[in-house]
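Computed from a predicted model, the values in this text were never measured in an experiment.
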Amino acid sequence: MDRTKIKISSGQFLALLLCSRITVTLTYSLNNSEHTSSGSDFVNAIILIPIMLLLGIPAYILIKQNKNKSLIDRAYDISSSFGNLLSVLYSLYFLFIPIASISRFNIFITSTIQTDKNMFYYAVLIMLPVCFATIKGIEPIARAGTIGVVLGGLILLTITIILIPRFNILNITAPALEEKSNMFSMLKILTSNCNETVALLILFPMVKGNTTKTYIKFSFISGIIITILLFTIAATLGAYAKLQSFPYYTAYGVAELGSLKRLDAIHSAVWLIGVFIKSATFTYTSCLCLERIIPHKFRTLTIVIVGIIITVLASIISGNYGNFDWLYGSVNLLRSLLVFSLAIPLFVIIASNIKRKRRVIN
């Protein structure tokens, strides 16, 4: 299958990236973290913008050298064995992102809403539509992402405006008064979740228009959105956010609009939409990495198998918060992000360029 014939617009790609970033920001937890919600969060959100731009450097280079060849394609230019190895490694990397998203949602459902259903039940409910969307392809996922980011954005903006009367400026701590370890902790959390940068390395050949400009827009827009969301939490809850498993859910629980109360239910709906779009995007990307190893006729079967793996692992991992926190701790995520977004891509770029020059000389 020629991936270059499958195209989504740069706007749709931007929507997918924003859905992923908003979802992970809305659902972060300060439990088992040394960080406390504070004024430094806004500084970190601004610092995150240049960090995201730096993480995108390998993708910029790949796009400039050949817009139709992803990182995996360039790895196959070096050797088929190396290409196969990277295909499997990146597929596994993307596989763990929907596992994390669904596990976090499972933990939220069972700990906050206190339902009597088990973890596997909700994982199946999410993965069934995710697998269906993945089978249909990136275009319907992108269309859903566009609708989701517009709808979710309007809802979050509305609830944030409703919460303004509850803001307490005394909850905001000046960054200069904080310990450096506390400031660095949140920056580490924010940076470790920049997995959209890795997805860019694989998906850019499928995007029409200027993909580099789209990613730059995404970096700035996401930085602004994260700043607003973090300010909302700090101004509304202050240090109380540290005691909450899901501070955004708690903050939105105190929002009221006339006779409408308990707007945290709307937060849950936005979260569910985000989990679906994010999981579908990264499940598709995971399967896409394997397309040169597994014949196209087995594509649907591959997606089903990947979906089963995600469902089972998400159910197991979310059954113990300690396991989830260890596996998806910011340190582990940050290390893997640096390897998959910088170290490996830069090696592939250098090695493939050297091999191409040798071919020209010979």
Side-chain angles (χ1 to χ4, degrees), residues 15-29 91-149 151-152 155-156 193 195-196 199 245-246 248-249 252 264-288 300-321 323-325 327-328 333:
L16 289 178
L17 297 178
L18 287 175
C19 275
S20 174
R21 171 52 58 172
I22 292 173
T23 300
V24 76
T25 305
L26 275 178
T27 59
Y28 89 97
S29 173
S91 180
L92 290 174
Y93 176 87
F94 293 123
L95 184 71
F96 274 86
I97 295 173
I99 291 174
S101 298
I102 296 173
S103 296
R104 188 178 285 111
F105 186 77
N106 272 348
I107 292 171
F108 162 72
I109 289 291
T110 54
S111 64
T112 304
I113 299 181
Q114 296 180 344
T115 177
D116 57 350
K117 302 293 184 181
N118 60 35
M119 303 288 186
F120 186 75
Y121 175 81
Y122 293 102
V124 170
L125 285 183
I126 295 173
M127 279 309 299
L128 282 177
V130 165
C131 287
F132 179 78
T134 304
I135 291 171
K136 290 298 182 181
I138 190 66
E139 297 103 322
I141 297 174
R143 287 193 290 269
T146 303
I147 297 172
V149 77
L151 181 62
I155 292 174
L156 294 178
N193 287 295
N195 39 53
E196 300 85 8
S245 297
F246 302 98
Y248 286 109
Y249 178 78
Y252 288 6
D264 47 5
I266 299 179
H267 168 273
S268 302
V270 174
W271 186 346
L272 183 58
I273 294 172
V275 168
F276 163 70
I277 296 171
K278 184 182 179 76
S279 298
T281 301
F282 285 97
T283 300
Y284 175 86
T285 309
S286 177
C287 295
L288 184 66
T300 299
L301 178 61
T302 302
I303 294 172
V304 172
I305 293 174
V306 168
I308 293 173
I309 293 173
I310 293 173
T311 301
V312 173
L313 290 181
S315 302
I316 294 173
I317 293 172
S318 56
N320 187 309
Y321 190 84
N323 292 338
F324 175 84
D325 187 64
L327 185 61
Y328 291 103
L333 288 180

For the residue pair [X] and [Y], what are the closest heavy atoms and their distance?
{"X": "A123", "Y": "S315", "result": "CB-OG, 3.6 Å"}
{"X": "P98", "Y": "I310", "result": "CG-CD1, 3.7 Å"}
{"X": "A280", "Y": "T134", "result": "O-OG1, 3.8 Å"}
{"X": "S279", "Y": "I102", "result": "OG-CG1, 3.9 Å"}
{"X": "A142", "Y": "L16", "result": "CA-CD2, 3.9 Å"}
{"X": "I273", "Y": "G148", "result": "CG2-CA, 4.2 Å"}

Q | Derivation of the side chain to side chain contact (heavy atoms under 4.5 Å, CB included) call for L272 and I126 | A | CA-CA 8 Å; L272 183 58; I126 295 173; 4.2 Å; yes
From [X] atom [atom1] to [Y] atom [atom2], the distance as rounded to the nearest 0.5 Å:
{"X": "L18", "Y": "I277", "atom1": "CG", "atom2": "CD1", "value": "11.0 Å"}
{"X": "S103", "Y": "I316", "atom1": "OG", "atom2": "CD1", "value": "10.0 Å"}
{"X": "I141", "Y": "T281", "atom1": "CD1", "atom2": "OG1", "value": "5.5 Å"}
{"X": "F105", "Y": "L125", "atom1": "CZ", "atom2": "CG", "value": "9.5 Å"}
{"X": "C19", "Y": "I147", "atom1": "SG", "atom2": "CD1", "value": "10.5 Å"}
{"X": "F108", "Y": "W271", "atom1": "CZ", "atom2": "CH2", "value": "5.0 Å"}

Q. How would you list, by chain and number, every residue that makes a side chain to side chain donor-acceptor pair (under 3.5 Å) with T146, sequence neighbours excluded?
A. none
Q) Can you name the residues that form a side chain to side chain donor-acceptor pair (under 3.5 Å) with S286, not counting sequence neighbours? A) S91
Answer yes or no: is there a side-chain heavy-atom contact under 4.5 Å between [X] and [Y]?
{"X": "F132", "Y": "L128", "value": "no"}
{"X": "M127", "Y": "F276", "value": "no"}
{"X": "L95", "Y": "F282", "value": "no"}

Q: Applying side chain to side chain contact (heavy atoms under 4.5 Å, CB included), run through F94 and L288 and close with a yes or a no.
A: CA-CA 10 Å; F94 293 123; L288 184 66; over 6 Å; no
Q: May I ask you to decide if N193's main-chain N or O and R21's side chain share a donor-acceptor pair within less than 3.5 Å?
A: yes
Q) Step by step, would you call T283 with C131 a side chain to side chain contact (heavy atoms under 4.5 Å, CB included)? A) CA-CA 8 Å; T283 300; C131 287; 5.7 Å; no
(Q) Assess, by modelled atom type and distance only, whether the side chains of T23 and K278 contain a donor and an acceptor separated by less than 3.5 Å. (A) no
